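Working notes, structure below.
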Amino acid sequence: MARRKRNRKKQVQGFILPGPFTGIVVALLGLALGYVRLGTDCERLGKELKGLESESRNLSRRMLTEEYHWSRMNSAANIERALLKHNIVMGRPRNDQIVRIIRGEPGRVRAAARVPSALEGPLLAQAVLNE
Amino acid sequence: MNEKAVKFRFFSAGAFFALALAGLGVRLMFLHFGMAARAGNNHIYTTSILAERGRIFDRNGQQNMLALDVAVKDVCADPSIAMRLDNASMLAERLAPLLDMAEDGLAQQLNRSGQFARLKRFVPDAVADRIAAERLPGVFFHDTILRRYPQGSSLGHVIGFVNYEGQGSAGVEQRLDRFLRGAPGYLESALNAKRQELYERRGQVIPAMIGADVFLTLDQNIQHIVERVLEDTVTRHRAKAGLAIVQRVRTGEILAMANWPVFDPNSFTESTPEQRMNRAVAYNYEPGSTFKPMIVAAALNEGLATPDTVIDCENGSWLYLNRLLRDVHPYGLLSLADVVQKSSNIGTAKLGVRMGDRLLYRYLRAFGFGERTGIDLPGEERGIVHPVGRWSRLDSSRIAIGQAVSVTPIQLLNALCAIANDGVLMRPHVVKEVRRADGKVLFQARPEALGRPVRAETAATVARMLQRVTEDGGTGRRARLDGYDVAGKTGTAQKVVDGVYSRTAYVASFAGFLPVEDPEIGILVLIDEPGTEAGYYGGLVAAPAFRQIAGEAALYLDVLPSRYRLAQSR
């Protein structure tokens, strides 16, 4: 009887991992890596949020400070001081310097100006103007 | 390759994978069970998040801010570090010029046991940045909030201030504290060994709710006019104090309320309680002749007199119930209109006697005297109007001329504004609106009528009589304003000192409104104890100030001149 010759090349040596087990391990590994990735992302986002929170706080602090300075600058007393400093004299116009324009009939505007008090006589000069 | 080598490779690879898996597992455990947080020297902490207090604006809104919170820092230190490094004196030397503090005091604070010392409160960011740049060991900062008032002393008595605990302690800050203060937030989280927050360990976060913004009825520009005129008047007459109020006649809105002396709410601790008192609502005084319009209105309303009723003014000296009453100038027979124009004490006292106690008392109460107006400011006094049962037989004659009765300035102006407002008494108010940061309106003021002490016709008649006060022959000529018809009344009240009427201490005042035909604004100027050298009469001291305020305020508010109105109505 002829002895059947073994193919040594086809002979597998050592432990063979079963397919399903390998699949489960790979899946778990994938899950674990995904979990770790998510965790790392969360941590990074957390740090980013903290940074933004801090920046937002700093900006709102700055805004409050600037608002305070602006309110100080545009106060009536401060503007008056600034005008004085630059020798600018400003006052409200007297009534006799004001021309008041009042909407009258549709399409027309009625204007009335008080004449200077020195002239007296007719107290108001009125005119009807085309709009 | 021999079998030994294969085995070695196999086990090496296995060990490598096992280690990698173990590492991954540990990382997973740390992630999943938060072991990273537990492993370090961190600890859970809870803190409240500071809530910004609402801002206060004038009637023009966002452009005129009167109060706001500003972020500042407290400079703190850990003395234990300074002790360990033995550098307390070096720290004190470097911090002293930056903090503008004495070096010795700082060294004392740093040379003691404990881990916390607050070196200076409320340091501006710029200074804090300079200290931070020095990188001083053991020196750190605490963020905090400071209430600031950009207008300084302007409007200080109305706005009030917030104490160091963040509670409103005067003025609008106190009255509207519940709206302004907001609600602090809450944060539960963990810190690592470096005292940095671990964001991933953050638990509960409730954001702070910013306080609501308050909009006042006051106008910063009119206020500035009033403050400037008041300061000038008080200084010129070397008076003890002064106040002025501008009120919108039809609505009861207060457009300006100024006191002298002033105080700066930014440094309220440096002022005395007397300086901080808002006299406009908290000062009881005998009004003198400015009280007469209400008495005359009551008599006219009851039909007890007409403007033409003739009253004998006894040539300036009237003995009634064995007590002498004098006029400044002697008059004989005067019509009631002239009694008002000349401010005759005798003529008005006779009118008071004619009215009788009960009727007089009823009208005093109807005009709001003896009770608070209900203005939305704390500390309002009610004045003193005794019940009729406690009146002496002389009282009706004295109350009629503004003695034996105490009122607050806001009561007096409000009563006069009732005459200007067709007899309708309005509730004065300084708060226009309260609005949350998200735009929701929490409160909106509406004009509120308190009553109608006199009929519209009576009010109109009295207004015309008061107009004569500012015309030639009247005591208030100096209050006359070019272009406008002004109605008003002067007052020169003797102050009670040690139980008797003083001959040197007076209250000079002028209360009036304009324009007479359709009143827009009512103004009261009151000067407390003007110097007697340059005259102390209301017509001399307060009336010019009234004219100046009225003139500028009328232009600012674009109140049409009386003559212009007449021309328009033609």
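Every chain is numbered from 1 and lettered A, B, ... according to where its sequence line falls, protein lines coming before strand lines. Source: prediction; values computed, not measured.
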- [ ] Starting from the C-alpha separation in whole Å, work towards a yes-or-no answer on side chain to side chain contact (heavy atoms under 4.5 Å, CB included) for A:Glu80 and B:Arg228.
- [x] CA-CA 11 Å; A:Glu80 205 170 80; B:Arg228 181 164 39 79; 3.5 Å; yes
Does a sphere of radius 6.0 Å around [atom1] in [X] hold more than 12 heavy atoms from other residues, nucleotides or ligands, not counting ones at 6.0 Å or beyond?
X	atom1	result
A:Arg37	CZ	no
B:Tyr45	OH	yes
B:Phe11	CZ	no

Go through [options] and name the one with the most non-hydrogen pairs under 4.5 angstrom from chain A.
options	result
B:Ala71, B:Gly152, B:Pro150	B:Pro150
B:Asn221, B:Ile225, B:Asn64, B:Leu555	B:Leu555
B:Met65, B:Lys7, B:Arg55	B:Met65
B:Glu552, B:Gln220, B:Arg148	B:Arg148

Task: Listed partners of B:Tyr186 passing ring-ring contact (aromatic ring centres under 6.0 Å, His included), at least two apart - done: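 Partners of B:Tyr186 by the ring-ring contact (aromatic ring centres under 6.0 Å, His included) criterion come out as none, since no residue qualifies.
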For [X], is it the side chain, the backbone, both, or neither that has a heavy atom closer than 4.5 Å to a heavy atom of chain A?
X	result
B:Tyr149	backbone
B:Leu21	side chain
B:Gln223	neither

Task: Atom pair CG (B:Asp69) and OH (A:Tyr68), whose distance is rounded to the nearest 0.5 Å - done: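 OH of A:Tyr68 is found 12.0 Å from CG of B:Asp69.
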Open item on the list: Nearest 0.5 angstrom please: A:Ser75 OG to B:Leu155 CG, how far?
Closed with: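 Atom-to-atom, A:Ser75:OG and B:Leu155:CG are 11.0 Å apart.
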Task: Derivation and outcome, side chain to side chain contact (heavy atoms under 4.5 Å, CB included), residues B:His224 and A:Ile79 - done: CA-CA 11 Å; B:His224 178 64; A:Ile79 289 171; over 6 Å; no
Open item on the list: Quick check for you: among A:Lys50, A:Glu43, A:Arg72, which has the greatest number of heavy-atom pairs under 4.5 Å with chain B?
Closed with: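 Ranked by heavy-atom pairs under 4.5 Å with chain B, first place is A:Lys50.
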- [ ] Give a yes or no on whether a salt bridge exists between A:Arg57 and B:Glu52, defined as a side-chain N under 4.0 angstrom from a carboxylate O.
- [x]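 The answer is no: the pair does not qualify as a salt bridge.
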- [ ] Output yes when B:Asp143 and A:Arg61 qualify as a salt bridge under the 4.0 Å nitrogen-oxygen rule, no when they do not.
- [x]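 Yes, B:Asp143 and A:Arg61 are salt-bridged.
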Task: Beyond-backbone contact of B:Arg27 with A:Thr40, side-chain heavy atoms, under 4.5 angstrom - done: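 The answer is yes, as the side chains (C-beta and beyond) meet within the 4.5 Å cut-off.
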Open item on the list: Run A:Leu29 and B:Leu24 through side chain to side chain contact (heavy atoms under 4.5 Å, CB included) and show every step you take.
Closed with: CA-CA 9 Å; A:Leu29 262 173; B:Leu24 192 63; 3.7 Å; yes
